Amino acid sequence: MTETPVRARFAPSPTGHMHLGSARTALYNYLLARKTGGQFILRIEDTDRKRFMPGTEQELIDGLHWLGLHYDEGPDIGGLFGPYRQTERYEIYQEFARKLVNLDHAFPCFCTTERLDRVRAEQQTRKENPHYDGFCRSLAPDEAARRIASGEKYVIRFRMPKEGSTTANDLLRGSITIENRNLDDSVLMKSDGWPTYHLAAMVDDHLMKISHVFRGSEWLGTFPLHVNIIRAFGWEEPIWMHLSVFLKPTGKGKMSKRESAEAIKDGHSIFIKDLEGLGFIPEGLVNWAALMGWGAGETEDVLSLDEMIEKFDITHLTPSPAAVNFTKLDYFNGEHIRRLTHIDLAGRIKPYFLNAGYSVDDETLLKIIPIIRERLVTLDDCLPFAAWFFKEKVDVNPLELVGKNLTAAQSADVARKIYAILDSLPDLSHAVSEAPMRHLIVDLGLSPNQVFGILRVAVTGQTVSPPLFESMEIVGKARVIERLQNAIGLLDKMI
RNA sequence: GCCCCCAUCGUCUAGUGGACUAGGACGCAACCCUUUCAAGGUUAUGACCAGGAUUCGAAUUCCUGUGGGGGCACCA
């Protein structure tokens with residue numbers, strides 16, 4: 001590792017639930033910081049009081065920790081460059097806004113929203129691009145000062161150069177050049193005194209010594225503005241990387257709330273919190289998200305966070321939009337579930353049994369793990385496969401008790417023979433029970449499917465279950481015998 | 001309408017002018033294994049958006065078109 005340590009930041013605004021896109025941006029920031037031995041910083045961009053949603057900052061923090069993306073500096077843990085919540089940095093933005101005005105790179109604007117709306121509407125009818133018309137751009141400084149002193153409401157706008165062009169450089173996309181006449185005198189400070197993103201983020205990135213910025217491609221349009229602001233201050237620019245948005249699974253159109261509602265019907269979502277509840281584990285989720293937009297090479301696709309840190313390379317990031325593929329999330333989740341230790345997996349699935357109302361003894365839980373782990377795609381799959389282990393009595397559908405291509409009478413006969421054999425055994429460990437049962441199959445001239453099918457339904461109450469012999473060993477002879485008796489009774493009633 | 005970005009199998013991607021008969025992963029299909037369901041193994045199907053240009057040679061560079069995406073707020 002020869003790179004210089006990177007300071008990277010994840011700077012969400014607490015206005016909604018944390019989603020896939022934010023998670024990936026956070027992840028790349030984290031990966032880069034860890035890879036270079038630098039710092040990963042969480043900054044809360046909460047200057048928009050109107051869109052603020054209580055609780056979402058905590059959700060963001062919880063989500064980051066759940067994903068395993070622990071930060072070095074942040075609002076709840078502090079750091080050398082705090083505070084890390086923009087609403088706690090009010091004076092800082094005031095100072096830098098003033099500075100830009102003094103440098104004549106910004107100016108106070110007294111236009112009302114009514115006037116601005118009217119100007120925009122007129123421009124629209126004239127088929128012009130909507131933009132600020134420069135009404136207050138050349139106001140004399142002393143007149144501006146007088147109006148401010150008299151209490152008039154105003155905003156501070158950036159004085160965008162009228163001539164020439166601006167070239168900004170993005171690591172993934174190369175240089176992007178825009179004619180300055182297409183750029184606007186954007187508002188840097190709102191009339192309520194709070195800064196807009198344009199000012200706040202640039203100031204904070206500078207003050208917090210951010211060296212690399214990952215952000216969504218929605219910022220590409222204002223990218224030249226930001227570069228101009230930084231240059232107006234005379235600061236050094238960070239390295240910019242604009243990540244693309246996620247598209248619908250079909251690849252047509254971007255992932256939206258509508259699609260997310262569709263996704264949740266088959267057990268998926270783009271919201272991190274939902275995904276956690278749906279039984280996805282952070283290891284799988286992170287692996288999946290990482291590979292949408294990053295080519296990890298031709299080696300192994302299933303990666304742990306540490307392996308990703310090792311392999312991460314910003315020169316292998318892709319600028320093109322990626323369609324989300326939930327089927328692949330399932331795959332990664334299953335793979336990572338199988339990589340968990342038995343103890344770890346047990347701890348993660350236990351809550352699902354508990355929440356479903358079962359009382360769980362840890363000894364049984366641990367025994368179940370080896371026989372269900374390769375069957376789990378999501379953690380909640382443990383229920384259909386193994387909930388019956390914790391039931392006193394299983395519900396049996398008599399129709400399912402009838403063996404394939406057999407009558408109820410034949411099935412009852414088979415069940416009785418199974419019963420006789422199992423009952424005679426000292427215990428039902430896999431080692432002692434399998435051989436006699438195999439013999440029975442041969443003696444009866446039936447298929448394993450037919451015989452084991454009857455036994456499976458009798459013991460588990462379901463047609464799909466973990467392997468039978470292992471399962472019987474876990475539930476024990478007493479219960480198997482009891483359930484077999486019950487099954488024989490049910491079959492007899494059908495004759 | 002204007003500005004900007006993007007473009008390789010169905011999807012995520014490898015590819016940085018000759019090693020490309022375009023590689024890998026997911027999915028799909030077949031087979032093997034098998035007591036159900038999985039997992040695992042083997043094999044198969046499958047792509048350089050179109051048209052021009054540069055070059056001895058283009059998936060790779062440049063133009064144009066097309067398609068997709070983002071932006072044009074006192075939101076981030």
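Below, chain A is the first sequence line, B the second, and so on; all start at residue 1. Note that the structure is predicted; figures quoted are calculated from it, not measured.
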NA contact type, [X], heavy-atom cut-off 4.0 Å: base, sugar-phosphate, or nothing?
X	result
A/G216	nothing
A/S217	sugar-phosphate
A/P321	sugar-phosphate
A/G334	nothing
A/T318	sugar-phosphate
A/T47	sugar-phosphate

Would one find a side-chain N or O of [X] under 4.0 angstrom from OP1 or OP2 of [N]?
X	N	value
A/K328	B/rG10	no
A/Y331	B/rC26	yes
A/K50	B/rC75	yes
A/K248	B/rU11	no
A/R51	B/rA76	no
A/S244	B/rG69	no
A/H316	B/rG15	yes

Of A/P12 and A/G174, the one whose closest RNA chain B nucleotide lies more 5': A/G174
Both A/V324 and A/C111 contact RNA chain B. Which one's nearest nucleotide lies toward the 5' end? A/V324
In whole Å, I'd like the distance from the [atom1] atom of [X] to the [atom2] atom of [N].
X	N	atom1	atom2	value
A/W288	B/rU11	CH2	P	16 Å
A/H268	B/rC26	NE2	P	16 Å
A/W219	B/rC3	CH2	C1'	17 Å
A/F326	B/rG10	CZ	P	21 Å
A/M160	B/rA73	CE	P	14 Å
A/I178	B/rG71	CD1	P	14 Å
A/E218	B/rG69	CD	P	15 Å
A/L329	B/rC12	CG	P	15 Å

Could you check whether the side chain of A/S320 and the base of B/rC6 have a donor-acceptor pair of N or O atoms closer than 3.5 Å, going by distance alone? no
Taking the six-membered ring for Trp, are A/W240 and A/H226 parallel (under 30°), tilted (30 to 60°) or perpendicular (over 60°)? parallel
Would you please classify the geometry between the A/F271 ring and the A/H19 ring as parallel, tilted or perpendicular, with 30° and 60° separating the classes? perpendicular
Cationic N near anionic O, under 4.0 Å, A/R85 to A/E57: yes
Can you check the distance between B/rA47 and B/rA73, where both ends of the measurement are the P atom (answer in whole Å)? 44 Å
C1'-based separation of B/rA19 from B/rG15 [nearest Å]: 12 Å
Any side-chain donor paired with an acceptor under 3.5 Å for [X] and [Y]?
X	Y	result
A/T378	A/N333	no
A/N228	A/H105	no
A/Q450	A/N405	no

Below 4.5 Å, heavy atoms only, C-beta onward: do A/S13 and A/Y197 meet side chain to side chain? no
Can you tell which of [options] lies closest to the side chain of [X]?
X	options	value
A/P319	B/rG40, B/rA14, B/rC6	B/rC6
A/D301	B/rA76, B/rG24, B/rU11	B/rG24
A/A323	B/rC74, B/rC4, B/rC12	B/rC12
A/V155	B/rU36, B/rC4, B/rC74	B/rC74

Any-strand Watson-Crick or G-U partner of [N], both distances under 3.5 Å:
N	answer
B/rC2	B/rG71
B/rU45	none
B/rG18	B/rC56
B/rG10	B/rC26
B/rA50	B/rU64

Check whether more than 12 heavy atoms from other residues, nucleotides or ligands sit under 6.0 Å from atom CZ of A/F135, and answer yes or no. no
In this structure, are over 12 heavy atoms from other groups packed under 6.0 Å from A/Y154 atom OH? no
Tabulate atom names and distances for all N/O pairs under 3.5 angstrom spanning the protein and nucleotides 32-35 of chain B.
residue : atom : partner : partner atom : Å
B/rU35  : OP1  : A/R438  : NH1          : 2.7
B/rU35  : OP1  : A/R438  : NH2          : 3.0
B/rU35  : O2'  : A/R456  : NH2          : 3.2
B/rU35  : O2   : A/R456  : NH2          : 2.2
B/rU35  : N3   : A/L468  : N            : 3.4

Is there a side-chain hydrogen bond (donor to acceptor under 3.5 Å, both in side chains) between A/Y84 and A/D204? Walk through the geometry before answering. CA-CA 9 Å; A/Y84 293 90; A/D204 288 345; over 6 Å; no
First locate atom CZ of A/R24, then atom CH2 of A/W288, and finally report the distance between them rounded to the nearest 0.5 Å. 10.5 Å
Could you go step by step and tell me if A/R43 and A/D205 meet the side-chain contact (heavy atoms from CB on, under 4.5 Å) rule? CA-CA 10 Å; A/R43 184 175 73 222; A/D205 285 346; 2.9 Å; yes
Note: contacts of residues 369-390 of chain A with RNA chain B (heavy atom, under 4.0 Å) are A/E374, A/R375, A/F385
